[in-house]
Amino acid sequence: MVFNSFQFFLIFLPAVVIMNRVLCTRGRITARKWFFLISSLVFYSVSSVETLPILLGSLFMNWYIAGRIQSSDIGPLRQRWLKLGITLNVVLLVVFKYSHFLADNIGGLLGWHPSLPAFVLPLGISFFTIQQIMYLVDCAEEMIAPAPLLEHATFISFFPYITAGPIVRGGSILPQLDSIEQSSEKQLATGLMIFIIGLFKKVALADQSFGRFADEGFSAAASLGLAEGWLTGASYTFQLYFDFSGYSDMALGIGLMLGLSLPENFNSPYKALSIIDFWKRWHITLSNFITTYLYTPMARSVRPLTFGKAMLVTILAMAIAGIWHGAAWTFLIFGLLHGLAIVINHYWRKTKVKLPWPIAWSLTFIVVIVGFVMFRADGWPQAYAVLSSMLGTHGIDYHGVFEQGGLRYLILLAGAAVAFGAPNSNELARNFNPSWRWCVFSCASLLLSMLMLSTGGTSGAIYRGF
Amino acid sequence: MSSSRFIRYIIGAALLGVVAAWSVNYIIDPFGVFGTRFFPEYGFPQERYMKIEYLKKHPDYNTFLIGGSRPGVIKTEVVDRYFPGAKTYNLSLLDGIPSEFEKYTEWLVKNMPDLSHVILELDWPVGYEHDPKNAQLNELHPDISGRSRNDFLLDFLAKINFRALGEAISNNTGGLNQMEYDFTKGYWSRPLRDKQIDTNCDVYKASEELFSDGKKARKKLDTALLSETLAAIARIKSLLDKKKVKLTLFLSPFNKHQLDAIELSDYEQFVTQLVKITDFYNFMYYNKITMNDCNYYEASHFRPYIGDLVVRSLAEHPNRDSDLHRYFSRETLVPELEFIKANFFSERSSG
């Protein structure tokens, strides 16, 4: 089940919101947690019942290790439990997500070709694994106390974020599960409005507009002209943004409707004037994970930390973040490219020379597009074909790759204008006050999204595949 | 505006959207799955569903015509006339592919007690891919797919298909594509197009953009698709042999533009492997029928009277010579291949 499906937003979500309000009104804290857990497991099972045991196994394992961490004195034993917990989580991720990739590439180099079983990628494994690594670290550093099994399971498996984020920390969610304060009508209305905006971004802009251009372009990668190459790269760049930020908006909206505040994941990333700025605005919860749980420990381990070492650590952290997205060289190159761009950005900052904003913005956006071409391509040959067409190697004339239709291009321009110029969902939510204008806008967006869903079908969020 | 009023309006809009979509789909019923018949003509009748629904109520047919959309114009009365004792139903499927022919044959074997003869039409295997635009049309009947019936119908209620709705409106207002369907027999026709072609074929051909240059669209045969096709045919043949049901297989009379798109080496490969499974009648080569665009609605679909000729050829072989078909068996393979090579060479070099 995905958020952008009729069964979710017409049946599942209303049922959960109504039941939550009933339980809150009656002050049933524990029943509410059980209800969240059961609904989350139902939500998960509808999409991926065959991998539910993996999720449950991971939950039990991390709950147990967190308990052992707490019961151990601060010192080597606690560190050993922490290391064991992190290792087991990473092993789980590697087995299900990377084993074939490693066997094909490293095994291939060594002339070793093991026959591995065809693992099904557990839904949301990348998200619930790093969420639990963060949780164990926070427990070991006594930032939070380990939660009982019910709370732990509910926090990790909670349906608004288990499949595609945002990546949440125990410290922000667990206290909210213990609060029985039900969402106010204003919060409910805000949540509904944010959900509709997210739905519209996902369905109308990502799937039905930019996604189609991107699919047409990438499927004809070898025959793109110069402008078509750029249109292909830019289309996917916008598709990914509207897809992922739309899905995150829906998650935030659901959270508000259930009386929970989830962390922001996007802050108008395409308005960024540098690549460092971009990563403060793009997939913010992942950026926070990279900074706090990857970069910082690695930087601490290479003392004395010089500027050069810090830059090497940055590249390494970004490479790990890249490959976290998927088992493919293109994701690794994506991470390395961004790592390198951040390093260049840091060196540039040292020169104290400030670029005029149009140049700074253009350079940043070009790096973002190039990175996302790597991200989308099904392999290096396709990425190379699109990137080389962006350099005009297939000719600078228009090759007629895209289906014609003036309206399609107009919608693209409107979408781009939204990404570049419009206030983002978080800003809208902060300033939201129900009004007729908002009501008409929300109803129209909802009906249009439903119409497009009805005619174009439902597709999962891109990040659900990670 | 209060928050509660805002919420109420949003919920109202969502319900309105659902009710509107469901009403339009239910009343216009462009796929014919609800059987409402407020309008006499369908848009795109869901043959996979409607034909099985009809047959469930009428299990007394003994002869079935199975294939893609091309044999959809073959009149069952003609089959009944040429094959004595036959009571025929046309079970052709738009966009039909061999794996579906197999599933529908299995269903016939289980559910049609008098089944004695299956006439199976095959296309050139390059075309055996479902068009995603026709996803709803290609949904199998729930009894065959194993899906729940409610789930199947809910899909048609909730999804809006503008193409199908547009076609339904066009068919009910006398548009050119008007198709007349007879689900008591299973075949269709396009009388308005027939009239237009008969009035002035040259004008019709000029207006029909689908009569395009096949040479430009020549596409190599996908070996995986070929293997799947042959495997499905072999399983159908085996199943029917086991049940002592006669199988008559024929290759469609392809229009010259589509013949032009075929690589001769692929053709040889296809027929050589097919004849190992069963004998068949081959209408797929250049002849006076396939060379004349006026015998077709567009490059894909031949007109009903060509269907009559096909049935006659099948029924009267070998007692009556026909320059419309060739009979392929293991014994005749070599000379027939020589004929096809010469036919392709001569027509393509002269064209």
Side-chain angles (χ1 to χ4, degrees), chain A residues 5-11 13-15 17-18 21 46 182-197 199-200 203 208 212 215 219 253 256-257 403 429 432-459, chain B residues 1-31 33 43-44 129-139 147-148 150-169 209 216 219:
Chain A
S5 65
F6 288 120
Q7 65 181 139
F8 179 80
F9 69 81
L10 292 180
I11 300 167
L13 182 60
V17 170
I18 290 168
R21 289 182 79 79
V46 169
Q182 76 165 355
S183 58
S184 64
E185 289 205 333
K186 170 81 184 292
Q187 248 184 320
L188 197 58
T190 310
L192 203 53
M193 189 273 293
I194 294 293
F195 183 88
I196 291 169
I197 289 180
L199 183 69
F200 184 79
V203 176
Q208 303 288 339
R212 292 190 174 184
D215 289 347
S219 62
L256 282 174
M257 285 188 252
E403 274 180 34
F432 174 70
N433 268 314
S435 64
W436 281 108
R437 198 168 56 100
W438 271 116
C439 190
V440 170
F441 171 77
S442 302
C443 288
S445 303
L446 176 63
L447 287 174
L448 198 56
S449 303
M450 286 171 68
L451 183 66
M452 287 184 164
L453 264 180
S454 179
T455 55
T458 304
S459 70
Chain B
M1 180 184 231
S2 71
S3 294
S4 60
R5 180 174 283 195
F6 178 85
I7 295 164
R8 280 203 301 274
Y9 277 116
I10 300 284
I11 293 170
L15 291 178
L16 182 75
V18 172
V19 171
W22 287 25
S23 307
V24 166
N25 280 332
Y26 191 74
I27 292 168
I28 297 182
D29 193 12
F31 293 100
V33 292
F44 294 126
E129 285 168 321
H130 278 162
D131 183 346
K133 283 180 187 161
N134 293 336
Q136 279 179 292
L137 273 179
N138 295 330
E139 274 286 334
R147 199 178 167 197
S148 105
N150 287 344
D151 198 24
F152 173 88
L153 290 175
L154 204 57
D155 244 8
F156 286 87
L157 209 54
K159 285 183 187 161
I160 295 179
N161 187 319
F162 284 117
R163 276 176 68 222
L165 288 170
E167 193 74 7
I169 292 165
E209 60 185 20
K216 287 181 187 163
K219 194 176 165 188

Checklist entry - Would a 4.5 Å heavy-atom cut-off, applied to side chains only, mark B:Y9 and A:W436 as touching? => result yes
Checklist entry - At a heavy-atom separation under 4.5 Å, does A:F195 approach chain B through its side chain, its backbone, both, or neither? => result neither
Item to check | Pairwise side-chain contact, A:L192 with A:L256, heavy-atom cut-off 4.5 Å (strictly under) | outcome: no
Item to check | B:F31 and B:F156 aromatic ring geometry - parallel, tilted or perpendicular at 30°/60° bounds | outcome: perpendicular
Item to check | For B:R147, all residues meeting side chain to side chain donor-acceptor pair (under 3.5 Å), sequence neighbours excluded | outcome: B:E139, B:D151, B:D155
Item to check | Toward chain A, the part of B:R163 with a non-hydrogen atom under 4.5 Å | outcome: neither
Checklist entry - Among A:L199, A:V203, A:I196, A:V440, which one satisfies side chain to side chain contact (heavy atoms under 4.5 Å, CB included) with A:S445? => result A:I196
Next on the checklist: Given heavy-atom pairs under 4.5 angstrom as the criterion, report whether the side chain, backbone, both or neither of A:S442 touches chain B.
Outcome noted: both
Checklist entry - Taking only heavy atoms into account, what residues of residues 14-29 of chain B are found under 4.5 Å from chain A? => result B:A14, B:G17, B:V18
Checklist entry - Centres of the B:F6 and A:W438 rings: under 6.0 Å? => result no
Next on the checklist: Between A:E185 and A:P434, is there a side-chain heavy-atom distance shorter than 4.5 Å?
Outcome noted: no
